Amino acid sequence: MPDKIKSRVDTLISNMSLRAKIGQLNQPETPTENNIEEFKEAVRRGEVGSILMSVGATAGNDAQGEINVDFYNELQKIAVEESPDGIPILFGRDVIHGHRTVFPIPLAMAASFNPELIKKCYRDTAIEATNDGVHWTFTPMLDLCRDPRWGRIIEGTGEDPYIGARIAEAVVAGLQGDDVSNKDSMLACAKHFIGYGASEGGRDYHRTEISDYSLYNYYLPAFRAAIKSGAMTVMSSFNDISGQPITSSRKYLTDILRNNLGFDGFVVSDYDAVIQLIKQGVAENSEECASMALNAGLDMDMHDGCYMDNLEKAVNSGAVSVDVIDEAVRRILTVKMKAGLFEHPYTKKIKLNRTEHLKDAREMAGESIVLLKNNDVLPINKSAKVGLIGPFSHERRSLLGSWTIDGKADETPTLAERMREVIGGNLNCISSSTLGWNSVNKNIAAADVVVLALGESWSATGESRAVSDITISSEQKELIKKAKTYGKKTVGVLFCGRPIAIEEIAEDLDAVLYAWHTGSEAAGAVSDILFGDVQPCGRLPVTLPRKATHIPLYYNVTSSGRPVNCYYGENPGNCYIDSMPTPYYPFGYGLTYTTFKYSDIKTDISKIAVSELKAGKKLRVSVNVTNKGTVSGKETVQLYIRDVCASIMRPIRELKAFKKIRIAPGKAENVTFDIGYEELGFFDDKGNYIVENGKVELYIGENCLTGKKTSIEIV
Ligand code: BGC
């Protein structure tokens with residue numbers, strides 16, 4: 001910490017009353033008309049360190065209304081000019097995947113395999129949100145998840161720790177900008193620490209069982225990367241791990257987060273999580289909740305007021321020491337100072353031109369959409385007659401996805417509108433096509449190609465929105481079956497938040513485009529791809545199972561000693577005797593409008609010593625990738641490793657690098673990866689990173705099932 005900030009913070013703390021200190025640890029939500037005067041008094045007394053700029057326990061599910069910048073400036077003025085220490089309030093809001101311009105849901109952005117573009121989108125987001133007075137956002141959400149039933153899988157980066165880490169870096173860099181004290185930089189918050197995505201059965205907030213070995217190797221890498229990239233805040237998670245609520249766990253919040261991962265910012269609780277320790281059965285009363293959480297290393301209390309109401313008592317009873325409170329205050333004030341809040345506490349809203357942001361949104365959506373199947377139907381010729389049917393043909397709100405507090409459905413074009421811009425009168429569509437089969441009937445009969453706009457509602461995803469059935473509705477499946485009877489080419493566009501069980505849907509369609517909930521420009525991006533103006537290039541950051549009953553199904557598993565449950569459930573008949581157990585579409589999978597051939601995989605050296613790796617030496621792995629088609633296309637070249645024999649079982653494949661490159665038709669590119677210490681080791685259950693001797697296989701290809709490999713020996 002720069003000395004100047006440190007001494008400013010120390011001076012402030014030395015003059016603060018205990019109550020004012022506790023006030024800095026307190027984050028109430030935006031007041032309503034009923035408590036506004038009372039709220040202003042609390043600000044005046046210095047009891048409001050931060051404000052959650054929304055109302056309700058599941059802000060992403062409810063309409064919140066636009067941000068009233070003048071109102072927040074007014075509260076800020078009271079804090080700066082009338083409160084005892086004049087400390088500005090930190091305003092935080094869930095700006096999860098865009099602000100007024102909505103970018104694809106985070107899971108879809110992960111499918112872009114394009115961290116640079118993700119960074120750009122989060123820069124745009126910070127520019128828009130800080131213009132509305134938001135200093136701090138509760139993103140990136142880095143919960144690794146293997147269960148598509150969990151509604152919040154849409155907020156994360158999927159099943160892979162490596163992608164999670166790359167995206168964490170991109171989001172933090174985009175939000176916080178080159179200098180976090182700039183007015184248009186927004187503080188990032190890596191959440192939810194830790195293990196929330198492993199909630200049993202996909203049921204939100206439920207218990208988890210995660211061994212320390214799995215924690216270090218699967219769940220922590222994205223947080224480690226966010227912290228290394230300078231994320232200044234972390235949100236603790238609601239869940240427990242093996243009976244330890246994270247909210248009150250010194251092991252997770254201090255030993256691991258601070259001591260092992262080196263985090264030196266502040267930790268905020270999740271909404272009401274402190275008081276919930278009573279329900280979780282580890283605290284008897286609110287005073288105990290407050291002291292347990294603070295002593296564990298949780299600095300700021302979101303919403304429940306438990307710190308504000310209890311910490312003075314806890315100091316008097318000796319349950320909490322003033323030193324622990326000072327430390328939490330120090331962390332919060334340091335972040336406030338680093339963020340430049342003392343220099344620019346107020347917001348002067350200007351009129352923003354969002355044209356470039358909307359362009360980025362369309363590009364990002366285009367990069368995120370995954371072409372899963374294409375039997376000679378896409379791209380559609382612009383002179384063809386296209387019938388557009390299905391419940392999502394005229395949908396606006398769901399295209400934005402969950403956690404879209406500031407996006408506007410009425411500003412979001414529908415697929416019908418965007419397709420009509422391209423093919424005008426060649427498009428036939430009706431709006432509610434699961435009803436009124438007769439009009440659908442005419443529509444299909446007149447068409448050369450039928451596009452079915454299908455999917456799940458945004459409201460079936462997000463917080464507290466787990467589902468037990470991860471397929472689309474039976475009406476939509478019926479629609480696919482009916483459309484098929486006409487013998488026309490059919491294209492399914494799936495606007496889904498989560499990975500869905502895909503077998504029965506994909507079998508009946510000629511082409512399948514997984515369009516996710518891809519934001520303000522989702523429809524434009526789909527239309528670009530349907531008509532070939534943009535080449536599809538997204539890749540799955542999660543496995544698409546054949547059936548929901550195959551969950552959990554994820555690629556980075558260990559090998560069984562017996563044929564049952566072999567890699568990704570291979571060996572039909574041994575894994576499940578009643579169904580084909582392999583993924584329908586594996587991790588990393590996605591098609592383009594051309595095909596690529598991989599050849600000549602090699603490494604520049606065949607052996608490398610652990611000591612050389614530690615000293616920074618890398619080996620170079622290279623491969624030739626040739627575009628065998630007639631159009632240019634983007635390929636995501638993926639490198640996986642397998643540590644063949646280690647002191648603990650290692651996954652059969654682990655993604656360790658990728659490059660997304662455009663290759664002209666008929667041309668070849670030599671793609672290289674430099675692999676070193678960071679990629680070749682793993683963590684033991686104490687959190688020590690180790691690289692062991694032995695053979696490592698290096699796989700390069702188009703998805704995790706590639707068989708193309710070479711190997712090296714670590715000596
Ligand atoms: C969610 C967080 C969110 C917070 C504030 C909680 O219910 O779990 O992700 O940031 O609310 O809205």
Side-chain angles (χ1 to χ4, degrees), residues 26-32 49-65 67 90-99 105-107 125 129 134-145 150-157 168 171-172 175 186-199 202-206 208 222-223 226 231-240 245-247 265-277 279-280 293 298-306 401-407 459 461-466 497:
N26 184 33
Q27 187 194 48
E29 68 185 14
T30 292
T32 60
S50 172
I51 295 178
L52 173 63
M53 302 168 89
S54 56
V55 180
T58 49
N61 299 344
D62 314 310
Q64 295 287 338
I67 297 175
L90 186 66
F91 297 123
R93 187 168 174 96
D94 294 283
V95 182
I96 305 297
H97 51 109
H99 188 59
I105 53 167
L107 184 62
T125 303
V134 185
H135 306 131
W136 177 30
T137 175
F138 308 114
T139 202
M141 194 276 223
L142 302 172
D143 296 312
L144 184 127
C145 180
W150 193 46
R152 305 197 78 170
I153 191 172
I154 68 133
E155 291 173 56
T157 61
V171 176
V172 172
L175 290 172
M186 184 158 56
L187 290 169
C189 179
K191 75 183 188 189
H192 305 83
F193 194 87
I194 183 75
Y196 184 29
S199 304
R203 294 185 283 275
D204 211 353
Y205 317 122
H206 270 243
T208 74
F223 285 92
M232 292 203 177
T233 74
V234 162
M235 185 186 292
S236 58
S237 56
F238 285 124
N239 59 289
D240 68 281
I246 303 300
T247 310
F266 75 81
V267 178
V268 61
S269 76
D270 206 338
Y271 192 99
D272 284 352
V274 177
I275 196 70
Q276 284 171 10
L277 290 171
K279 278 216 167 142
Q280 286 180 298
L298 199 156
D299 305 301
M300 185 182 279
D301 174 14
M302 183 188 282
H303 185 257
D304 56 30
C306 202
S402 182
W403 282 108
T404 304
I405 300 189
D406 296 280
S459 61
T461 70
E463 186 173 356
S464 200
R465 298 237 163 113

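Remember, it's 1-based here, ligands and their atoms both numbered in the order they're listed. The first residue of the sequence shown is numbered 1, and numbering continues consecutively from there. Keep in mind that this is a model prediction, so the values were computed, not measured.
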Exercise. What is the minimum heavy-atom distance between Ser269 and Val274, and which atoms define it?
Worked result: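 Taking every non-hydrogen atom into account, CB-CG2, 3.9 Å.
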Problem set entry | Minimum-distance pair of heavy atoms, taken over all atoms of Leu277 and Pro245 |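 Closest pair (atom of Leu277, atom of Pro245, distance): CD2-CB, 3.7 Å.
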Exercise. So which bit of Arg93 gets within less than 4.0 Å of ligand 1, heavy atoms only: side chain, backbone, both or neither?
Worked result: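 Answer for Arg93: neither.
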Exercise. Does Lys191 approach ligand 1 within less than 4.0 angstrom via side chain, backbone, both or neither, non-hydrogen atoms only?
Worked result: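 The answer is the side chain.
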For this session: Determine, using heavy atoms of Met235 and all atoms of ligand 1, whether some pair is separated by less than 4.0 Å.
Result: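 Under 4.0 Å: yes for Met235.
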Exercise. Is the closest heavy atom of Met141 to ligand 1 under 4.0 Å?
Worked result: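 The answer is no, since Met141 has no heavy atom less than 4.0 Å from ligand 1.
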Exercise. Which residue and non-hydrogen atom of the protein lie closest to atom 12 (O) of ligand 1, and at what distance in Å?
Worked result: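 Scanning the protein heavy atoms, the shortest distance from atom 12 (O) of ligand 1 goes to Asp94 OD2, 2.5 Å.
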Problem set entry | Which residue and heavy atom of the protein sit nearest atom 7 (O) of ligand 1, plus the separation |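 Ranking protein heavy atoms by distance from atom 7 (O) of ligand 1, first comes Glu463 OE2, 2.7 Å.
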Does any N or O of ligand 1 fall below 3.5 Å from an N or O anywhere on [X], backbone included?
X      : answer
Asp270 : yes
His192 : yes
Ala57  : yes
Tyr196 : no
Trp403 : no

For this session: May I ask you to decide if Gly151's main-chain N or O and Arg465's side chain share a donor-acceptor pair within less than 3.5 Å?
Result: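 No, the answer is negative, given that no donor and acceptor are paired below the 3.5 Å cut-off.
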Exercise. Taking the side chain from Thr137 and the backbone from Ala188, do they hold a donor-acceptor pair closer than 3.5 Å?
Worked result: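 Not at all, since once roles are kept as given, no pair shorter than 3.5 Å links the two residues.
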Exercise. Who are the ring-ring contact (aromatic ring centres under 6.0 Å, His included) partners of Phe266, not counting sequence neighbours?
Worked result: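 Only Trp136 meet the ring-ring contact (aromatic ring centres under 6.0 Å, His included) criterion with Phe266.
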Problem set entry | Those residues that, when tested against Ala198, pass side-chain contact (heavy atoms from CB on, under 4.5 Å) (two or more places apart) |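 Ala198 satisfies side-chain contact (heavy atoms from CB on, under 4.5 Å) with Thr208, Ile210, Tyr219 only.
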Exercise. When you check the side-chain N and O atoms of Tyr205 and Glu463, is any donor under 3.5 Å from an acceptor?
Worked result: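 Tyr205 vs Glu463: donor-acceptor pair found between side chains.
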For this session: To the nearest 0.5 angstrom, please state how far the OG1 atom of Thr30 sits from the CD atom of Gln64.
Result: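 It is 8.0 Å, given to the nearest 0.5 Å.
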Exercise. Hey, which atoms in ligand 1 end up nearer than 4.0 Å to a heavy atom of Phe138?
Worked result: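 Reading through ligand 1 atom by atom, the close ones are 10 (O).
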